[in-house]
Amino acid sequence: MQDTQTTESPSIPSRSSTSTQDRSSTVGQTLSSAPQPSKPTPIIPPLAKSTGPGSGSGVRRMRRIIAEDAEWSLAIVPLLTELCIQHIVKNFQNNPILKQLLPEHQKKVLNHLSPDLPLAVTANLIDDESYWRRCCTQRWPVCHVDNHGGSWKRMFFELHLENLLKHFIPNTTDPAVILNLLPLCRNYVRAIRVDQFLPPVQLPAPPRGGDQSDSGSEGEMEEPAMDHYQLDNLVAGLSHLEELDLVYGVKDCGMNFEWNLFLFTYRDCHSLAATVKACHTLKIFRLTRSKVDDDKARILIRSLLDHPALEELDLSHNLIGDRGARAAAKLLSHSRLRVLNLANNQVRAPGAHSLAHALGHNSNLISLNLRLNCIEDEGGQALAHALHTNKCLTTLHLGGNELSEPTATLLSQVLTINTTLTSINLSCNHIGLDGGKQLLEGMSDNKTLLEFDLRLSDIAQESEYLIGQALCANREAARQRALNPSHFMSPVTVKGPENPAG
Amino acid sequence: MNPPGSLGVLEEKEEEHLAPPILGPSIHSDNPQERIQARRLRIAARLEARRREALGEYLDGKKESEEDQSKSYKQKEESRLKLAKLLLCGTELVTNIQVAADIREIHRRVEEEEIKRQRLEKLENEVKTSQDKFDEITVKWEEGKQRRIPQELWEMLNAQQVHCAGLIEDKNKLISELQQELKMKDDQYVKDLKKQSDDICLLLERMEEQVKNVMKTFRQELQNIEKAFEVERQELLTSNKKKWERALQAHNAKELEYLMNRIKKVEDYEKQLNKQRIWDCEEYNTIKIKLEQDVQILEQQLQQMKATYQLNQEKLEYNFQVLKKRDEESTVIKSQQKRKINRLHDVLNNLRSKYNKQVKQFQEENQSLTSDYKRLVLQFKELQKAMRHFALIDDKRFREIWLMNEEEAKDLINRAFDVDRIISTHHLGLPWMAPDFWFLKNVGPISQQQQKSATQILEEVLMEAEKEGADEDSSESETYLDLPKQVSARTTRKILMLLCDESGFLIESKLLSLLLPLEKNECYLLRLDAVFSVSASQADCLHTFMLEPLDLRAEKERSLVDGKSQEKEPPPSPKLIHPNDVLKILEAFVMSLRKPRDFWVPVKLLKAVRDDSKDSEYWEALTTVIPATTLNLWDALYTALEKYHLVLTQRAELLIENSSLERQNTELQQLLQQYLDTKINSELQVPPTQVFRVPTK
């Protein structure tokens with residue numbers, strides 16, 4: 001946090017002095033200009049030189065190449081436009097002129113601008129992707145622009161904001177640091193992905209000092225003081241926010257581990273719920289690895305009921321139990337949720353029952369992930385019954401749920417009837433030999449299922465092999481179907497879903 | 001709490017994963033290595049299965065693509081399947097770690113739960129026992145309060161202390177135990193962390209390997225595909241080249257052939273040209289000589305012609321002079337003629353106008369006349385009808401009158417016969433025989449049909465034919481029933497038509513042109529008429545000549561026969577003349593027919609005319625029913641009877657006189673009587689009566 005701040009502030013005064021070096025470096029990166037632009041920095045010296053020695057020796061005039069003079073160039077005095085552009089570039093911070101220029105000149109100016117210019121100047125003025133690309137590559141060594149909708153500018157602002165949030169320490173850092181950025185990035189940020197929220201510092205000592213552990217252990221009393229940064233102002237300011245991916249935890253704490261560092265307080269929860277409710281553009285909401293228990297989940301989900309845009313809810317790796325699952329089931333019938341991820345929680349049979357009940361009448365949900373829960377046969381049977389009536393769900397992950405043969409029996413019946421499911425994961429269950437046979441039977445009548453993960457589920461190898469064959473046939477059929485109506489579905493894309501599913 | 005825990009487990013499991021696998025693997029064994037081994041085997045089996053499947057699929061693909069897909073397509077398909085397989089297996093391999101971590105986590109959770117339960121149980125037990133102990137101690141405190149003796153109290157306090165120390169020790173033991181456990185867990189956690197990091201390392205390694213593998217295989221497959229394409233292209237190129245070369249060779253061969261042909265032809269033509277040239281030269285020479293000769297001859301002729309020309313010129317000059325003069329004359333005449341022409345033109349115009357007027361007039365006249373004619377025809381027809389009607393009526397009346405007369409005559413005859421009978425029987429006392437005459441039995445007018453002559457028959461035939469011509473179907477059979485049976489009116493008509501067709505030369509062309517617009521039947525009729533008339537007039541002499549050897553009757557017979565023979569082409573009768581004479585005989589026949597034909601119309605109209613000869617005969621026969629001898633007898637008888645009658649009449653007169661006298665006598669007597677009887681008499685002095693004597697009788 002402070003790094004950026006510190007690097008930013010001294011760079012401004014130093015720019016005038018180091019501008020020449022900057023430019024040469026930046027210019028070197030951009031391939032567009034050949035020797036001619038590389039020279040303009042020392043324009044004045046050559047002029048001076050040419051007046052000096054050129055006037056003295058007439059011999060030099062006759063020569064076309066002066067090998068001994070490293071500075072000598074055939075290039076004559078640059079055009080006035082060039083000079084103007086250089087001037088504009090030099091004084092861009094004080095007097096940004098861009099929109100008034102011709103497109104070609106705009107391009108030149110943008111190519112020569114420094115990525116270190118203050119955001120206040122550039123944010124709303126420059127839309128050029130190449131400039132933002134330079135900014136990004138300069139700041140971060142690894143840039144996955146695909147994760148940011150293919151836009152470098154968006155990526156820059158998202159990562160910048162993320163960086164600020166990650167290093168924000170409540171009560172220590174000035175909230176204005178973030179809020180000042182808001183008017184600059186409000187139109188460009190669509191996703192916030194923060195995988196750490198720092199807790200407030202209790203001691204004047206360095207935030208991650210050894211004393212922290214004492215304060216953390218005593219911190220039961222100071223619970224309200226453990227609140228993290230409140231996102232509400234920020235989110236309210238971002239008009240295009242679509243994705244919110246949060247982890248209330250601390251990374252790289254090492255031996256300074258404290259339970260307090262990973263505390264998702266009720267105030268945090270309430271403020272987050274209000275934030276999410278107020279954000280009507282939100283489509284994806286992820287809150288993982290944050291110790292969200294039933295009550296917090298209920299608070300959050302209540303705020304999400306009848307949300308106009310929400311499509312994906314990911315509460316995996318939390319502590320949600322049956323009550324939270326019931327709330328999620330209620331959310332299913334009161335929203336347009338398409339993806340629900342409750343992996344690695346503590347959902348048991350009653351929760352699965354309520355989810356199954358909601359699923360039976362749902363027509364939006366496409367993917368349901370209940371990995372690493374404990375719904376057991378009772379819940380599995382309820383879900384299988386729900387799948388008899390459901391006509392929408394395509395992906396179902398029930399890995400590691402202590403399921404066994406009865407569920408397999410019901411699922412095999414589902415397989416014969418259902419024509420929407422394309423992927424089922426039953427890995428790490430105790431399906432057993434007979435269950436495997438029954439699943440194979442069900443599979444023999446199915447023509448739509450493309451993936452059926454049965455690893456480590458006590459199934460006979462023969463059944464697994466035969467199921468694999470049936471899946472292969474289905475995949476081939478799906479490929480043919482995809483090829484025939486529209487000819488640009490390649491086989492790789494059909495197989496593609498394998499990667500995220502696994 | 002959860003994420004770090006799971007992480008630790010992952011690490012722990014990973015360590016196990018890295019450990020060397022044990023033989024005899026089963027997925028359900030408790031040993032993770034064994035399970036991993038089992039999984040690996042299974043993956044291998046699955047890979048094998050996929051490979052086989054892919055092969056089968058490939059075969060299928062090959063089958064269906066045999067006709068239209070090429071090697072490159074096959075390679076593509078193969079590569080696709082291979083890559084898909086690779087991706088699938090790779091991802092499975094990578095995700096296997098996650099699945100393994102999952103199951104380990106599940107196992108850990110189960111174990112943890114169990115341990116937790118045990119621990120809780122233990123703690124509860126401990127709490128219970130310690131509570132008991134504590135209760136015991138507290139009870140003892142109460143007891144201690146009652147103790148008054150210090151030793152006892154001290155003892156008891158000591159005991160209490162010992163008890164408490166035991167309790168505390170117990171607790172401490174428990175605490176230390178728990179701490180031990182905690183430490184173990186900590187160790188476990190550290191181990192787990194390590195394992196998980198190892199696991200993640202392995203995951204990364206595998207992923208990298210997978211990426212590398214995939215890249216490599218993709219590259220390889222790309223190369224393969226490229227190679228396949230290259231090979232295909234090469235093949236295509238070679239095949240095309242071969243084709244091209246073959247075509248080129250063929251083309252060359254053909255070209256050569258054409259060249260040879262051409263050379264040969266050129267030579268031929270050259271030879272022919274030479275020949276032609278020589279021949280032309282010779283011909284040219286001969287023609288030249290001939291033409292020169294001709295020129296000489298022509299020059300000679302020219303000279304001659306020139307001479308004649310001069311001669312002619314002079315002649316012509318003379319002629320020219322003469323003609324000039326004549327021309328002058330002719331001009332004079334021309335002017336005169338012109339004037340005359342003008343005059344005549346005027347006249348012509350006048351005449352034309354007159355002619356036009358007259359034409360109009362005549363047309364009108366013609367119209368009126370035609371209308372008159374039509375009317376007359378109508379009238380005529382009506383008249384004819386009336387006539388026919390009258391003829392019928394006349395017939396009837398004639399018959400009635402005939403019958404009446406006949407009846408009367410028969411009455412009279414009968415009376416005469418009666419008288420005769422009376423006379424002969426009564427007066428002459430002779431026996432009387434009733435005379436028997438044929439006519440006496442006749443009733444009605446005498447029919448004459450049997451007596452029709454051959455001419456009449458023919459006439460009728462002709463008439464019939466014409467009638468038939470006029471109205472086809474009304475063939476009155478009664479008229480020609482008497483004709484030979486084998487001849488129908490139709491054939492007759494045909495013959496006549498033939499006749500008129502054949503003898504068309506006899507008809508005048510003018511007549512023919514006139515006949516053209518007429519109806520067919522009418523035309524035939526008129527033509528026949530013309531033919532007959534012409535043949536009749538022209539063949540007069542022939543006719544007579546032909547008639548010479550034959551008497552009239554024979555001729556008539558023959559004509560009849562001839563008519564028959566004409567009708568039936570092969571002449572059956574020996575009496576027939578030579579066929580060459582047929583025409584002549586026909587003419588003769590026509591001649592004979594001419595007269596009836598002259599009365600054509602009357603004959604046609606009065607076809608019921610009867611000859612009265614028989615009638616008069618009949619009637620005369622009727623009159624001579626009483627033969628002359630009888631008449632004579634009757635005359636004599638009459639005279640005698642007259643005389644007798646006279647005598648008788650005298651006698652009758654006398655008788656009458658006598659009677660009248662008698663009557664007068666009686667009357668006078670009566671008168672006398674009366675006078676006598678009257679009183680006057682008496683009165684009178686002298687009665688007259690006295691005077692006379694009354695005759696007495």
Side-chain angles (χ1 to χ4, degrees), chain A residues 247 249 253 257 259 262 288-292 316-319 343-346 371-374 399-402 425 427-430 432-433 451 453-462 464-473 475-476 479 490-492 494-502, chain B residues 1-7 26-28 32 35-36 38-39 41-50 52-54 56-57 60-61 76-77 79-81 83-107 109-110 113 189 207 210 214 218:
Chain A
V247 178
C253 55
F257 174 79
W259 284 115
F262 298 90
T288 57
R289 290 178 278 152
S290 303
K291 298 210 283 183
V292 178
S316 56
H317 306 291
N318 283 309
L319 300 172
N344 198 7
N345 279 299
Q346 292 166 359
R371 186 167 75 95
L372 280 177
N373 282 294
C374 196
N401 269 306
E402 311 267 347
N425 196 331
S427 59
C428 309
N429 286 304
H430 309 296
L433 296 177
E451 284 153 36
D453 197 340
L454 288 168
R455 282 176 290 184
L456 296 181
S457 53
D458 305 342
I459 290 179
Q461 285 195 14
E462 192 191 350
E464 200 173 348
Y465 167 63
L466 290 172
I467 287 174
Q469 272 195 331
L471 289 177
C472 264
R475 257 175 243 150
E476 199 60 28
R479 196 180 78 87
S490 70
V492 180
V494 174
K495 307 263 157 99
E498 184 89 335
N499 298 331
Chain B
M1 178 83 82
N2 223 352
S6 69
L7 230 104
S26 104
I27 314 166
H28 314 294
R35 267 179 283 156
I36 286 159
R39 259 178 263 135
L41 281 176
R42 205 171 49 187
I43 287 163
R46 227 179 274 166
L47 281 178
E48 181 63 24
R50 290 253 163 75
R52 246 178 268 141
E53 200 182 330
E57 214 169 285
D60 278 358
K76 250 164 44 190
E77 199 71 6
S79 303
R80 184 179 67 75
L81 289 169
L83 291 173
K85 204 172 69 194
L86 185 80
L87 281 173
L88 210 66
C89 293
T91 46
E92 203 169 302
L93 202 69
V94 171
T95 50
N96 266 342
I97 293 169
Q98 193 207 359
V99 173
D102 275 4
I103 196 133
R104 261 176 278 144
E105 167 69 13
I106 287 164
H107 280 292
R109 275 186 195 178
V110 171
E113 221 163 278
Y189 172 67
M207 276 163 85
Q210 167 76 359
V214 166
F218 262 94

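Proteins get letters first, then strands, A, B, ... in listed order; numbering begins at 1 in each.
Scanning both residues, B/Asn96 and A/Arg455, for their nearest heavy atoms gives OD1-NH1, 2.9 Å.
For the pair B/Leu88/A/Arg475, a side-chain contact is recorded, criterion being any heavy-atom separation below 4.5 Å from C-beta on.
Looking at B/Val110, only its side chain comes within 4.5 Å of chain A, counting heavy atoms on both sides.
If you take SG on A/Cys472 and NZ on B/Lys85, they are separated by 10.0 Å, rounding to the nearest 0.5 Å. Atoms OG1 and CD, on B/Thr91 and A/Glu451 in that order, are 8.5 Å from each other to the nearest 0.5 Å. The CD atom of A/Glu464 sits 4.0 Å away from the CZ atom of B/Arg46 when rounded to the nearest 0.5 Å. The CG atom of B/Asp102 sits 9.5 Å away from atom CG of A/Leu456, with the distance rounded to the nearest 0.5 Å. How far CD of B/Gln98 is from OG of A/Ser427: 7.5 Å, rounded to the nearest 0.5 Å.
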A/Glu476 vs B/Arg80, salt bridge (Lys or Arg N to Asp or Glu O under 4.0 Å): CA-CA, chis, key distance, verdict
CA-CA 11 Å; A/Glu476 199 60 28; B/Arg80 184 179 67 75; 3.1 Å; yes

Does the salt bridge (Lys or Arg N to Asp or Glu O under 4.0 Å) test come out yes or no for A/Glu462 and B/Arg42, once each step is laid out?
CA-CA 10 Å; A/Glu462 192 191 350; B/Arg42 205 171 49 187; over 6 Å; no

